[in-house]
There are 2 protein chains.
Amino acid sequence: MFWNEKIECMSREELEELQLKKLQKTVKLAFNKIPYYNKKYTDCGVFPEDIETLKDIEKLPFITKDDLRESYPYGLFAVDMKDIKEIHSSSGTTGKPVVSGYTRKDLDTWAETTARGLGMMGVGENDIIQNTHGYGLFTGGFGVHYGSHKVGATIVPISTGQTRRQIEIMKDFGVTCLIATPSYGIHLAEVAEDDGINPKDMNLKAIGFGAEMWSEEIRQKLENLFGAPAYNIYGLTELMGPGVGVECSAQKGLHIAEDIYYPEIIDSTTGKTLGENQKGELVLTNLEREGMPIIRFRTKDLTSLTYEPCECGRTSARMSRITGRADDMIKVKGVAIFPSQIEKALLKVGDVEPHYLIIVTRPGTLDQIEVKVEASKNLFFDGVKEMVDIQSKIAKSIENETGIRVKVTLVEPKSLPRYEGKAKRVIDKRNLH
Amino acid sequence: MFWNEKIECMSREELEELQLKKLQKTVKLAFNKIPYYNKKYTDCGVFPEDIETLKDIEKLPFITKDDLRESYPYGLFAVDMKDIKEIHSSSGTTGKPVVSGYTRKDLDTWAETTARGLGMMGVGENDIIQNTHGYGLFTGGFGVHYGSHKVGATIVPISTGQTRRQIEIMKDFGVTCLIATPSYGIHLAEVAEDDGINPKDMNLKAIGFGAEMWSEEIRQKLENLFGAPAYNIYGLTELMGPGVGVECSAQKGLHIAEDIYYPEIIDSTTGKTLGENQKGELVLTNLEREGMPIIRFRTKDLTSLTYEPCECGRTSARMSRITGRADDMIKVKGVAIFPSQIEKALLKVGDVEPHYLIIVTRPGTLDQIEVKVEASKNLFFDGVKEMVDIQSKIAKSIENETGIRVKVTLVEPKSLPRYEGKAKRVIDKRNLH
Ligand SMILES: [Zn+2]
Ligand SMILES: [Zn+2]
């Protein structure tokens with residue numbers, strides 16, 4: 001199901017021509033209308049005329065969260081405030097939050113990207129979408145909301161919380177598509193099961209998940225619980241929101257809305273551009289934004305790109321699942337570890353739930369990692385010996401995956417915190433940041 | 001500032017002609033497309049042809065929350081599900097919630113009503129609106145959101161919570177219009193003051209408040225704190241949402257969008273229609289709704305109507321501030337709660353008697369609910385830890401049911417008053433009447 005077949009299946013040649021035209025326009029807009037860019041580009045000795053090919057984008061300096069913070073709140077707006085119709089924001093890690101501004105046309109462009117995503121998931125005007133993402137300055141909720149309006153589906157903007165009510169509504173309203181973080185989706189299904197409701201009886205057609213790290217095992221679990229395919233939706237508030245990339249029915253990477261976002265992969269240490277299929281940091285550029293064009297934004301998300309034609313017929317670049325953060329990784333004993341690796345390892349062993357917490361400490365001079373994992377309900381009543389066995393199996397599996405020996409502690413089912421937004425998987429007590 | 005001067009200042013004669021035409025169309029739609037109405041009207045021996053004047057509306061039976069519950073979820077929809085683009089819902093008193101469905105045109109009509117309201121408040125495309133109402137199935141957030149898009153203001157959809165972040169954003173973003181419940185507005189100002197920020201320095205131009213009971217003293221307090229005029233916004237999810245009535249600069253009652261809602265006042269005991277300026281229960285009819293036309297809905301809200309010309313130039317009927325309820329609903333933090341919901345929640349937990357008392361207070365600026373429940377005899381002798389456990393279980397159950405956090409206190413068996421007639425379950429100490 002294509003929402004915009006003409007664009008989604010355009011030949012690469014045409015697409016790249018379109019991208020170049022839009023990139024030139026965007027760089028000109030930024031240079032002419034935004035003093036912050038003007039100064040930055042002038043300082044680097046690079047000017048709009050220097051963008052003669054797509055490759056020339058590499059001449060432009062990166063934009064980071066720090067740039068967004070420095071220009072807080074409106075320093076990157078390219079239009080008068082009266083033309084900004086909506087503002088979103090992501091809470092900064094430190095200091096000021098990051099602001100994202102939208103003209104009327106930008107809101108429509110954003111909706112176009114999520115509309116295409118819903119199309120990839122097979123969701124259209126006959127579907128009822130339960131959107132459990134939070135609405136607010138966070139863009140998760142609104143991105144899908146606007147996309148749903150565009151494709152003409154029925155949106156149930158239930159937002160987060162009240163899990164039992166969510167289940168009741170999912171059943172009663174005949175919901176066909178669930179939008180959730182993977183951990184909340186699994187939580188919903190588990191609570192339903194506790195209440196004697198088989199999540200498969202909801203007859204979901206598709207699940208769209210995002211806003212947190214995931215692994216194929218987590219996707220599997222989500223799909224098995226609901227008996228429905230689950231598709232990843234990716235995006236960032238800074239660039240606009242969810243819809244940058246969405247998985248198609250092939251589930252082999254996320255199709256990037258390439259006429260709207262220009263993707264690059266760089267080596268996050270050297271800043272050098274990497275080639276197809278090489279893993280590195282994703283860098284994104286708004287190609288179609290009036291209110292706040294962001295050019296070469298360092299997402300810190302680690303992924304790779306492929307330009308291979310997809311079996312679905314779409315011609316756009318696909319990014320692989322985000323496997324880590326250029327900054328969120330845990331570095332222990334010189335080794336970089338990602339929560340997703342630990343997750344993968346522990347789910348391989350089984351008898352545990354995909355709810356875990358990684359605690360990093362430095363009791364003396366050496367870093368230690370403890371992984372708390374929820375035992376599955378059955379296991380928990382099976383006695384101490386079984387518990388100890390499983391713990392050491394998991395520790396071995398994690399060591400296999402990461403090269404690091406960790407301490408594993410099984411805890412009671414449902415004893416770890418649940419998150420309705422992005423799950424917090426790592427507690428770093430070393431004070432390294 | 002008029003958003004739609006032609007309609008807002010139309011002569012009463014023209015307006016009533018328009019209302020009659022729309023009423024006839026709506027009754028026909030309901031009768032022909034919705035079996036629930038068809039049966040109800042046929043049972044009463046009343047038919048669309050019987051509506052020859054506006055006064056003839058009195059021949060039609062009322063619709064109550066019970067009708068909405070009986071036809072849950074989609075029994076009052078007049079169109080195919082594929083034409084319903086959004087669903088909202090208010091939590092029901094007992095059992096099933098109440099559903100509200102919107103076609104694309106209905107969403108636009110809803111936006112039109114809140115756009116007019118923003119116009120009354122002097123808010124337009126040069127303004128920045130901080131919307132602290134919750135977004136979700138509750139209509140408070142979205143009503144203003146869509147209206148803001150319509151008038152072309154900048155919406156900051158911050159939703160509820162994170163008070164200090166709200167204050168920072170209000171200051172940094174140059175917000176000119178705050179949308180809040182009266183109690184949350186006052187809370188925001190007081191927290192700002194605690195932090196050494198004078199709320200008057202925010203330079204707000206207007207405050208729109210709603211979703212909870214208020215008094216002129218509360219309005220005064222809000223206006224004095226921010227040094228800005230505060231306008232009441234009224235509406236109900238069942239009818240569409242906020243925007244049914246909004247105060248103009250005269251602050252002498254709320255102008256009803258009379259071409260979109262037809263208002264009546266009835267004696268809530270006899271059901272008889274009352275005259276101008278007589279206080280009674282507000283009854284509302286959708287005059288311009290495709291998806292789910294609601295005809296003669298008993299709001300249970302007590303108010304009166306005046307048709308006197310207003311000094312602002314608008315010709316529409318004005319309703320006075322809601323001074324009470326014809327039932328025992330409590331509105332706290334924008335959420336409607338019924339004693340029956342609390343009863344359901346606490347009986348789910350067990351170990352308690354169905355004797356309880358709900359005490360609503362406003363110790364500072366925020367409403368608090370305490371629920372006193374009689375412990376069962378057995379439990380009462382089981383010790384303190386059990387009591388505390390049960391209390392927190394009940395509190396969790398109530399939060400699940402209502403979305404509101406309450407304080408639960410277990411009291412001795414037989415210690416709460418018994419009633420021979422209708423039990424008095426609610427003690428409202430907020431003094432709002
Ligand atoms: Zn594909
Ligand atoms: Zn007036």
Side-chain angles (χ1 to χ4, degrees), chain A residues 72-74 80-89 91 96-97 99 101-104 107 124-132 134-139 141-142 145-146 148-166 168-169 171-176 191 291, chain B residues 72-74 80-89 91 95-97 99 101-102 104 107 124-132 134-139 141-142 145 148-149 151-162 165-166 168-169 171-175 348 397 399-403:
Chain A
Y72 174 87
Y74 300 147
D80 285 351
M81 262 317 282
K82 81 165 189 19
D83 293 320
I84 296 287
K85 299 307 178 193
E86 191 162 326
I87 294 177
H88 286 272
S89 173
S91 44
K96 292 295 178 189
V99 162
Y102 308 73
T103 64
R104 209 177 279 284
L107 289 174
E125 66 169 6
N126 291 313
D127 287 289
I128 301 174
I129 302 172
Q130 181 156 343
N131 188 3
T132 74
Y135 286 77
L137 293 186
F138 170 58
T139 47
F142 280 104
H145 192 86
Y146 293 148
S148 172
H149 277 185
K150 206 172 192 60
V151 301
T154 307
I155 185 85
V156 181
I158 194 162
S159 190
T160 54
Q162 287 187 276
T163 301
R164 287 205 157 73
R165 191 179 178 211
Q166 298 252 10
E168 192 185 335
I169 280 179
K171 232 167 21 121
D172 294 347
F173 284 19
V175 166
T176 59
V191 172
Chain B
Y72 174 87
Y74 300 147
D80 286 349
M81 261 318 283
K82 81 166 190 14
D83 293 320
I84 296 287
K85 299 306 177 194
E86 191 163 326
I87 294 178
H88 286 272
S89 173
S91 45
K96 294 299 176 186
V99 162
Y102 308 73
R104 210 177 277 285
L107 289 173
E125 66 168 6
N126 292 311
D127 288 288
I128 301 174
I129 301 172
Q130 181 157 344
N131 187 3
T132 74
Y135 286 77
L137 293 186
F138 170 59
T139 47
F142 280 104
H145 192 86
S148 173
H149 277 186
V151 302
T154 308
I155 187 84
V156 181
I158 194 162
S159 189
T160 54
Q162 288 188 275
R165 190 178 178 210
Q166 298 253 8
E168 191 185 337
I169 279 179
K171 231 167 23 120
D172 294 348
F173 285 18
V175 166
K348 255 187 198 158
S397 174
E399 191 178 351
N400 238 313
E401 187 69 31
T402 64

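To find a chain, count down the sequence lines: A is the first, B the second, and so on, and within it residues start at 1.
Atom OG of residue A:Ser148 and atom NZ of residue B:Lys85 lie 8.0 Å apart, to the nearest 0.5 angstrom. Atoms CD and CG, on A:Gln162 and B:Leu137 in that order, are 8.5 Å from each other to the nearest 0.5 Å. We find the CG-CE distance between A:Asn126 and B:Met81 to be 10.0 Å, quoted to the nearest 0.5 Å.
In terms of heavy-atom proximity, A:Ile84 sits nearest to B:Thr154 at O-OG1, 2.6 Å. When all heavy atoms of A:Glu168 and B:Pro97 are compared, the pair lying nearest together is OE2-CD, 3.8 Å. Closest approach of B:Ser159 to A:Gly136, counting heavy atoms only: CB-CA, 4.2 Å. Annotation for A:Pro157 and B:His88: closest pair CG-CE1, 3.6 Å, computed over non-hydrogen atoms.
Neither the backbone nor the side chain of B:Ile129 comes within less than 4.5 Å of any heavy atom of chain A. The contact between B:Tyr74 and chain A is made entirely by side chain atoms (from C-beta outward), counting heavy-atom distances below 4.5 Å.
When each of B:Gly134, B:Gly124, B:Pro73 is scored by its heavy-atom pairs under 4.5 Å with chain A, the top score falls to B:Pro73. Among A:Ile169, A:Val156, A:Ile158, the residue making the largest number of heavy-atom pairs under 4.5 Å with chain B is A:Ile158.
B:Ser397 has its side chain out of reach of A:Arg164: every pair of non-hydrogen atoms, C-beta onward, lies at least 4.5 Å apart. When side chains are defined from C-beta on, B:Asn400 does not count as touching A:Arg165, because their heavy atoms never get closer than 4.5 Å.
Ring pair A:Phe173/B:Tyr72 is tilted by interplanar angle, where 30° to 60° counts as tilted. In this pair, B:His145 and A:Phe142 present their aromatic rings parallel. The plane angle is below 30°, not in the 30 to 60° band.
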**Request:** With side chain to side chain contact (heavy atoms under 4.5 Å, CB included) as the test, would you mind laying out the steps for A:Glu86 and B:His149 before giving the verdict?
**Result:** CA-CA 8 Å; A:Glu86 191 162 326; B:His149 277 186; 2.6 Å; yes

**Request:** Verify side chain to side chain contact (heavy atoms under 4.5 Å, CB included) between B:Lys82 and A:Asp127, making sure each step is shown before the conclusion.
**Result:** CA-CA 8 Å; B:Lys82 81 166 190 14; A:Asp127 287 289; over 6 Å; no

